[in-house]
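Reminder, nothing fancy here: chain letters follow the sequence lines and each chain counts from 1.
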Number of protein chains: 2
Amino acid sequence: MTHQRQVILEELRQVHTHPSADEVYDMVRKRIPRISLGTVYRNLEILSETGAIQKLESCGSPKRFDGNPDDHYHIRCIACDRLVDAPADIHLDVERELSETTRFKVVGYKLEFLGFCPQCLEISNPA
Amino acid sequence: MTHQRQVILEELRQVHTHPSADEVYDMVRKRIPRISLGTVYRNLEILSETGAIQKLESCGSPKRFDGNPDDHYHIRCIACDRLVDAPADIHLDVERELSETTRFKVVGYKLEFLGFCPQCLEISNPA
DNA sequence: TTTGCTGCAAATCCTTTGCAGAGGT
DNA sequence: ACCTCTGCAAAGGATTTGCAGCAAA
């Protein structure tokens, strides 16, 4: 656990904004001005491999990272791409659902909710 | 509907492999050798906007395209990235699940299953 | 002294875009 | 003529990688 890695993890743990690698880079640079973007990418990769953080590859736009390693869902704003935790008590029994319809060995699923965040709703529907 | 667009749609409708833009390019080039990759991208975009095909942005790796415009799920092989239709009778009532826990206006969700395809299972567990 | 990590820069991959010319109406 | 589309090539964004030096065990 190098200093760089430590700082990246700390910064990520302190926010709930699910920043992209680039945003993490900006955050960390305040404490380690000479850190490189490559190092940030490398450490985000390592941290997510070890399970210390989560890598959210959901789609299109840059990947996001989540300092909370616990399994939970997210909802993404269709308008501004904001990503927010979405506590939902959903547990799909994928084994049962799919084993008869595909010859795959199903091991999990990726689920992300889509919608409009309060800010974007406000803009399109001013009070 | 130009010739190029027509051919791209036809090719996509004939397969069930969920090809990437690059693979569509290869398929179409057999019939229109001088078509450009840019044109393929442009038409895939247009076709998915009009709902004639689906763009599957699921994650990381290149986007895939699906000649079947009807709503259905997919399962992705963790090992080889193969993408296959996954008929599953799942309907999440997202409004109900999430409206109390986030201030978003929920409009849908993205769900993709993960697993190992028969071919990759075979490789790791030869009969 | 070996191993792994860094900063830097260049490279890579996928996708989009500017532009001038071609095609269709 | 007008408008849209094309092919081509160059640009773009996000991410990865090669390399030489550095740091810690």
Side-chain angles (χ1 to χ4, degrees), chain A residues 1-12 17-66 74 76 80-83 110 112, chain B residues 1-12 17-50 52-66 74 76 78 80-83 110 112:
Chain A
M1 178 66 79
T2 64
H3 179 55
Q4 283 86 341
R5 188 129 79 225
Q6 181 69 44
V7 170
I8 288 170
L9 181 56
E10 283 171 14
E11 289 296 317
L12 216 36
T17 52
H18 311 90
S20 66
D22 220 63
E23 289 163 346
V24 172
Y25 178 49
D26 285 339
M27 291 155 58
V28 172
R29 244 190 318 180
K30 290 176 187 149
R31 294 174 55 186
I32 311 177
R34 298 187 53 79
I35 197 172
S36 80
L37 183 55
T39 296
V40 171
Y41 270 104
R42 272 185 289 236
N43 281 310
L44 287 172
E45 185 62 33
I46 291 168
L47 288 168
S48 68
E49 270 173 14
T50 61
I53 64 170
Q54 287 191 66
K55 177 162 60 169
L56 311 172
E57 332 205 2
S58 322
C59 82
S61 47
K63 294 189 181 70
R64 307 299 182 78
F65 296 88
D66 191 334
H74 297 96
R76 184 183 297 263
C80 71
D81 216 39
R82 191 188 316 262
L83 199 62
K110 223 174 340 182
E112 178 181 281
Chain B
M1 179 65 79
T2 63
H3 180 54
Q4 284 87 340
R5 187 130 79 225
Q6 180 69 44
V7 170
I8 288 170
L9 181 56
E10 283 172 14
E11 290 296 317
L12 216 36
T17 52
H18 312 90
S20 65
D22 221 62
E23 289 163 345
V24 172
Y25 178 49
D26 285 339
M27 292 156 58
V28 172
R29 244 190 318 179
K30 290 176 186 149
R31 295 174 54 186
I32 311 177
R34 298 186 54 79
I35 197 172
S36 80
L37 183 55
T39 297
V40 171
Y41 270 103
R42 272 185 289 235
N43 280 310
L44 287 172
E45 185 62 32
I46 291 168
L47 287 168
S48 67
E49 270 173 14
T50 61
I53 64 170
Q54 286 192 66
K55 177 161 60 169
L56 311 172
E57 334 205 359
S58 321
C59 80
S61 46
K63 293 188 183 70
R64 308 299 183 79
F65 296 88
D66 192 334
H74 298 96
R76 184 183 297 263
I78 297 172
C80 71
D81 216 40
R82 191 189 316 264
L83 199 62
K110 223 174 339 182
E112 177 180 281

B:Ser48 (side chain) donor-acceptor with B:Leu44 (main chain) under 3.5 angstrom:
yes
What are the residues of residues 27-35 of chain B, sorted by number, that bring a heavy atom to within less than 4.0 Å of DNA chain D?
B:Arg34, B:Ile35
Salt bridge check, B:Arg31 against B:Glu10: does any charged N sit closer than 4.0 Å to a carboxylate O?
yes
Pick base, sugar-phosphate or nothing for B:Asn43, based on heavy-atom distances below 4.0 Å to the nucleic acid.
sugar-phosphate
Any heavy-atom pair between the side chains of A:Leu9 and A:Met1 that's under 4.5 Å?
yes
Between B:Glu11 and B:Lys30, does any side-chain N to carboxylate O distance fall below 4.0 Å?
no
Ignoring backbone atoms, establish whether A:Ser36 has a side-chain N or O less than 4.0 Å from OP1 or OP2 of C:dA9.
no
What are the bounds, 5' to 3', of the part of DNA chain D that sits under 4.0 Å from heavy atoms of chain A?
D:dA14 to D:dG18
Quickly work out the B:Glu23 CD to C:dC13 C1' distance and round it to whole Å.
14 Å
Rounding to a whole Å, what distance do you find between B:Leu37:CG and C:dT17:P?
14 Å
For B:Asp22 and C:dT16, give me the distance from atom CG to atom P, rounded to whole Å.
13 Å
Interatomic distance where CD belongs to B:Glu45 and P belongs to C:dT16 [whole Å]
6 Å
Take the protein atom OH of B:Tyr41 and the nucleotide atom P of C:dT15, then report the distance between them rounded to whole Å.
3 Å
Tell me: CD of B:Gln6 to C1' of C:dG24, nearest whole Å?
16 Å
What I want to find out is whether B:Lys55 reaches B:Glu49 closely enough, with some N-O distance under 4.0 Å, to be called a salt bridge.
no
Ignoring backbone atoms, test whether A:Gln4 places a side-chain nitrogen or oxygen under 4.0 Å from the OP1 or OP2 oxygen of C:dG7.
yes
Ignoring hydrogens, what is the shortest heavy-atom contact between B:Leu47 and B:Thr50? Give both atom names and the distance.
O-OG1, 3.0 Å
Is there a side-chain contact between A:His74 and A:His18 (heavy atoms, below 4.5 Å)?
yes
Per the atom types in the model, does the base of C:dG4 pair as donor or acceptor with the side chain of A:Arg42 at under 3.5 Å?
no
How many Å lie between CZ on B:Arg64 and C1' on C:dT15, as a whole number?
16 Å
Mind listing the closest non-hydrogen atom pair of A:Val24 and A:Pro19 along with its distance?
CG2-CG, 3.8 Å
Are B:Asp66 and B:Ile53 close enough that some pair of their side-chain heavy atoms sits under 4.5 Å apart?
no
Rounding to a whole Å, what distance do you find between B:His3:NE2 and C:dG23:P?
13 Å
